[in-house]
Amino acid sequence: MSVIHVKDRDGSEHTLEARPGLKIMEIIRDAGLPIEAACGGSCACATCHVYVAPGWIARLDPQDDMEVDLLDLADAVTETSRLSCQIEFDETLDGLKVELAPE
Ligand code: FES
């Protein structure tokens with residue numbers, strides 16, 4: 001079983017089962033954690049903003065132009081910010097660590 005590790009806004013850590021083909025946002029949302037994902041994954045809202053653990057950021061596919069533009073408009077952006085609906089889980093991401101950004 002593959003997993004991702006998600007730190008909630010209250011500091012609690014959750015280990016979630018992750019299936020290839022799902023977006024990271026979908027894994028977090030389907031586990032019932034508080035990620036708004038208002039646009040449903042269309043790269044149009046930035047409410048699926050997460051911080052990727054530093055050791056993992058270089059292992060992700062690069063951001064496309066839409067994600068870069070949307071993150072430019074988001075609050076509390078850091079060098080490890082990503083939109084979790086734009087990251088598709090595969091086996092190479094087993095153990096990925098992310099943290100929910102502030103709402
Ligand atoms: S869910 Fe809206 S940008 Fe990711």
Side-chain angles (χ1 to χ4, degrees):
M1 180 185 83
S2 300
V3 298
I4 63 170
H5 305 285
V6 181
K7 189 172 182 181
D8 207 339
R9 295 184 191 93
D10 63 6
S12 57
E13 311 250 4
H14 306 269
T15 298
L16 308 179
E17 185 175 351
R19 283 187 288 118
L22 290 177
K23 306 295 186 178
I24 300 302
M25 176 276 282
E26 295 172 320
I27 296 166
I28 296 170
R29 180 195 62 192
D30 293 352
L33 296 182
I35 192 164
E36 186 177 354
C39 76
S42 305
C43 201
C45 71
T47 59
C48 64
H49 180 189
V50 296
Y51 303 125
V52 177
W56 283 96
I57 194 77
R59 297 167 66 172
L60 303 179
D61 288 337
Q63 297 167 305
D64 65 16
D65 290 345
M66 277 179 63
E67 183 178 354
V68 171
D69 289 348
L70 197 52
L71 274 172
D72 272 348
L73 304 173
D75 293 327
V77 172
T78 73
E79 287 184 353
T80 65
S81 287
R82 291 294 304 261
L83 297 179
S84 59
C85 72
Q86 300 302 300
I87 306 169
E88 183 171 314
F89 184 81
D90 66 32
E91 300 291 351
T92 68
L93 299 182
D94 186 18
L96 174 72
K97 291 185 177 180
V98 302
E99 177 177 353
L100 299 184
E103 288 181 293

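Here, residue 1 is the first one in the sequence, and each next residue gets the next number. One-based numbering, in listed order, for ligands and for the atoms of each.
Between the side chain of Thr47 and the main chain of Ala38, a donor-acceptor pair closer than 3.5 Å is present. The backbone N or O of Glu103 lies less than 3.5 Å from no partner atom in the side chain of Glu36, so there is not a single donor-acceptor pair.
Near atom 2 (Fe) of ligand 1, less than 2.8 Å away, sit the protein N, O or S atoms Cys39 SG, Cys45 SG.
The same ILVMFWY cluster, assembled from side-chain heavy atoms under 4.5 Å apart, contains both Ile35 and Ile87.
Partners of Ser12 under the side chain to side chain donor-acceptor pair (under 3.5 Å) rule, at least two apart in sequence or in another chain, are Asp10, His14.
Taking the side chain as every heavy atom from C-beta outward, Leu33 and Asp8 approach each other to under 4.5 Å.
Taking each heavy atom of Ser81 and Ala76 in turn, the nearest pair found is OG-O, 4.2 Å.
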